[in-house]
Number of protein chains: 2
Amino acid sequence: MRSFTEENYLKIIYHLAEKTNNVQTNAIAEQIQTKPASVTDMIKKLAEKDLVDYVKYQGVTLTEKGKQAAVDIVRKHRLWEVFLVDKLNFKWDEVHDVAEELEHIKSVDLIERLDEFLGFPKSDPHGDPIPDKHGRFAKTQFIKLTELKIGDGGTITGVSQHSSAFLKHLEKLGLTLGKQIEVSDVTDFDGSVEILVTGKQINISREVAKHILISTNGKN
Amino acid sequence: MRSFTEENYLKIIYHLAEKTNNVQTNAIAEQIQTKPASVTDMIKKLAEKDLVDYVKYQGVTLTEKGKQAAVDIVRKHRLWEVFLVDKLNFKWDEVHDVAEELEHIKSVDLIERLDEFLGFPKSDPHGDPIPDKHGRFAKTQFIKLTELKIGDGGTITGVSQHSSAFLKHLEKLGLTLGKQIEVSDVTDFDGSVEILVTGKQINISREVAKHILISTNGKN
DNA sequence: AAAAATTTTTAGATTTACCTAAAAATAAAT
DNA sequence: ATTTATTTTTAGGTAAATCTAAAAATTTTT
């Protein structure tokens, strides 16, 4: 049986490993809101259980077993987020903390049934893909809004920032998942992007644009 | 913030207090699957936090604060059970363990919304009443099947035993919530009860009958 | 390549919830 | 009313996950 805490470590390591190959102690400590010394302790424990490969001073990588456990938690987290938004009418900026708790409920049966109840969703309310019960992800083809050229268009299909502040901001601008957009201009001065959404012309900072993910249907 | 463990103690004490006024250390230990010595430790902690009144060697009673906390957990447990049965198609004998975990998810908002999503149910899949968000229970008027006389009838509205074995047995006999029954005979020899359900005559042991709760509509 | 800065680990403590074994209090039986 | 049995508590310890402070390794800078 895996403890709540172990599961959190695995999940955090999994997400950090999406950016860098070897995940550093300090990075984990920051994410998990704890001290590096505590992380070292836990890493040793996880290594003992064959969930991570660990070389002193070199950081960790998940083993196959560790990765499977992590993906399973990610799956649960995202399915619960879909439940909260689709069924309980939570906003996309309100679901993270609750899902953080729900993801640790351990019943395989529960998750299978929840998945079915939700209609086997392929992505969560932020556009992140939901792995199937074997841990397989559907292929996704996102590009950052900042990578579009003037005249290019596409559909908002994800965000790479989950802070409540960011999501509320997008909501206010009408930039929600599924919306069609087209880049009409890019400002030289600050790199801010002018886009066309639902008939309106709006300007968003480069910082915001960077975290909006677009699928282009290959038309550009 | 109340710990997972503290919540479990409160819940157990609450349920034990339904039978006896002063709840004994050993009784708690048995329910919570731990040793009496550990219970004494935890009781002291709960008394410190004003959740129970504790007199050495005399057992505990919940304070008003403790009772509120306990009722809140009972509410969550029962609402999650309704969710599992009504929405995820769990059987009534399969929900207990999962609800045991879900009841500790701590978000007031979540439970309010879940309650609404489920249509503000008044009772759980075993017929146990669900307190409202203020902790108030609807009045229920159950009697044990064994208290009915020959010729008396009523509706099955609850069970006072939640073991999987018992519930599966009832299921097989067709004795589920909402079913109309009538007592046609009581065997002198072993006290077993003959009843009429959906047109059929069946015989159930006194032990089983004792745990079936009937509402009689006051017609007897 | 030595010095400085950063990162990571070790060592030793703390807290929570549990344990065993023995002592103390209460309840039951003779 | 003693003795016996049961229940409860105390005392001292363990394991998990954390912490602080200091030491060791690695990386960066000069």
Side-chain angles (χ1 to χ4, degrees), chain A residues 1-17 19-62 66 69-70 73 100-101 103-104 106, chain B residues 1-17 19-62 66 69-70 73 100-101 103-104 106:
Chain A
M1 201 80 295
R2 232 150 263 150
S3 79
F4 190 98
T5 312
E6 286 171 337
E7 289 194 349
N8 268 332
Y9 271 87
L10 292 173
K11 185 187 61 173
I12 294 291
I13 294 168
Y14 176 81
H15 286 309
L16 288 169
K19 308 232 161 187
T20 49
N21 216 334
N22 271 45
V23 180
Q24 288 171 269
T25 305
N26 271 359
I28 299 171
E30 195 192 343
Q31 288 293 312
I32 237 153
Q33 300 259 60
T34 187
K35 304 290 157 171
S38 311
V39 174
T40 301
D41 284 352
M42 181 55 78
I43 280 172
K44 284 182 184 166
K45 198 178 155 192
L46 295 175
E48 197 93 348
K49 293 191 177 185
D50 253 319
L51 293 161
V52 299
D53 289 319
Y54 170 52
V55 183
K56 263 190 198 172
Y57 293 99
Q58 301 306 129
V60 289
T61 51
L62 291 173
I73 299 158
E100 203 86 326
E101 288 190 65
E103 75 192 6
H104 299 290
K106 46 184 181 313
Chain B
M1 203 78 295
R2 232 151 264 150
S3 79
F4 189 98
T5 312
E6 286 171 337
E7 289 195 348
N8 269 331
Y9 272 86
L10 292 173
K11 186 187 60 172
I12 294 292
I13 294 168
Y14 175 81
H15 286 309
L16 288 169
K19 308 233 160 183
T20 50
N21 216 334
N22 271 44
V23 179
Q24 287 172 271
T25 304
N26 271 359
I28 300 172
E30 195 191 342
Q31 287 295 311
I32 236 152
Q33 300 259 57
T34 187
K35 303 291 155 170
S38 311
V39 173
T40 303
D41 283 352
M42 180 56 79
I43 280 173
K44 284 182 184 167
K45 197 178 155 192
L46 294 175
E48 197 92 351
K49 293 192 178 186
D50 252 319
L51 293 161
V52 299
D53 289 319
Y54 170 52
V55 183
K56 263 190 201 173
Y57 294 99
Q58 299 306 129
V60 290
T61 50
L62 291 173
I73 299 160
E100 204 85 325
E101 289 190 64
E103 74 192 5
H104 299 290
K106 48 184 178 317

A/Lys44: partners by side-chain contact (heavy atoms from CB on, under 4.5 Å), with sequence neighbours left out: A/Thr40, A/Tyr54

Contacts of A/Asp50 that satisfy side-chain contact (heavy atoms from CB on, under 4.5 Å) - sequence neighbours left out: A/Lys65

Please report the distance, rounded to the nearest Å, between [atom1] in [X] and [atom2] in [N].
{"X": "B/Met1", "N": "C/dT16", "atom1": "CE", "atom2": "P", "result": "15 Å"}
{"X": "A/Ile43", "N": "C/dT9", "atom1": "CD1", "atom2": "P", "result": "6 Å"}
{"X": "A/Phe4", "N": "C/dT16", "atom1": "CZ", "atom2": "C1'", "result": "15 Å"}
{"X": "A/Gln33", "N": "D/dT18", "atom1": "CD", "atom2": "C1'", "result": "14 Å"}
{"X": "A/Arg2", "N": "D/dA16", "atom1": "CZ", "atom2": "P", "result": "16 Å"}
{"X": "A/Asp41", "N": "C/dT9", "atom1": "CG", "atom2": "P", "result": "10 Å"}
{"X": "B/Glu48", "N": "C/dT15", "atom1": "CD", "atom2": "P", "result": "14 Å"}
{"X": "B/Glu6", "N": "C/dT15", "atom1": "CD", "atom2": "P", "result": "16 Å"}

Sequence neighbours left out, cut at 3.5 Å: what donor-acceptor pairs do the side chains of residues 4-13 of chain A make with other protein atoms?
from    : atom 1 : to       : atom 2 : distance (Å)
A/Glu6  : OE1    : A/Ser3   : N      : 2.9
A/Glu6  : OE1    : A/Lys49  : NZ     : 3.3
A/Glu6  : OE2    : A/Lys45  : NZ     : 3.3
A/Glu6  : OE2    : A/Lys49  : NZ     : 2.7
A/Glu7  : OE1    : A/His104 : ND1    : 2.6
A/Asn8  : OD1    : A/His104 : NE2    : 3.2
A/Lys11 : NZ     : A/Glu100 : OE1    : 3.1
A/Lys11 : NZ     : A/Glu100 : OE2    : 3.3
A/Lys11 : NZ     : A/Glu103 : OE2    : 2.7

Sugar-phosphate only, base, or nothing, as touched by A/Thr40 at under 4.0 Å among non-hydrogen atoms: base

Sugar-phosphate only, base, or nothing, as touched by A/Tyr54 at under 4.0 Å among non-hydrogen atoms: sugar-phosphate

Atom of A/Ala70, atom of A/Leu62 and distance for their closest heavy-atom approach: CB-CD1, 4.1 Å

Partner residues of A/Lys35 under the salt bridge (Lys or Arg N to Asp or Glu O under 4.0 Å) criterion, sequence neighbours left out: none

Would you please confirm or rule out a distance under 4.0 Å between OP1 or OP2 of [N] and any side-chain N or O of [X]?
{"X": "A/Lys35", "N": "C/dT9", "value": "no"}
{"X": "B/Tyr9", "N": "C/dC18", "value": "yes"}
{"X": "B/Ser38", "N": "C/dC18", "value": "no"}
{"X": "A/Thr34", "N": "D/dC19", "value": "yes"}
{"X": "A/Tyr57", "N": "C/dT10", "value": "no"}

Comparing A/Met42 and A/Lys56 on DNA chain D - which has the more 5′ nearest nucleotide: A/Met42

Main-chain N/O of B/Lys106 paired with A/Glu101 side-chain donor or acceptor, under 3.5 Å: yes

Counting only pairs under 3.5 Å, give me each side-chain donor-acceptor contact of residues 26-33 of chain A, with atom names and distances, residues two or more places apart or in other chains.
none

For DNA chain D, the residues among residues 19-31 of chain A that have a non-hydrogen atom under 4.0 Å from it: none

Of the listed nucleotides C/dT9, D/dT9, D/dT18, the one nearest the side chain of A/Thr5: D/dT18

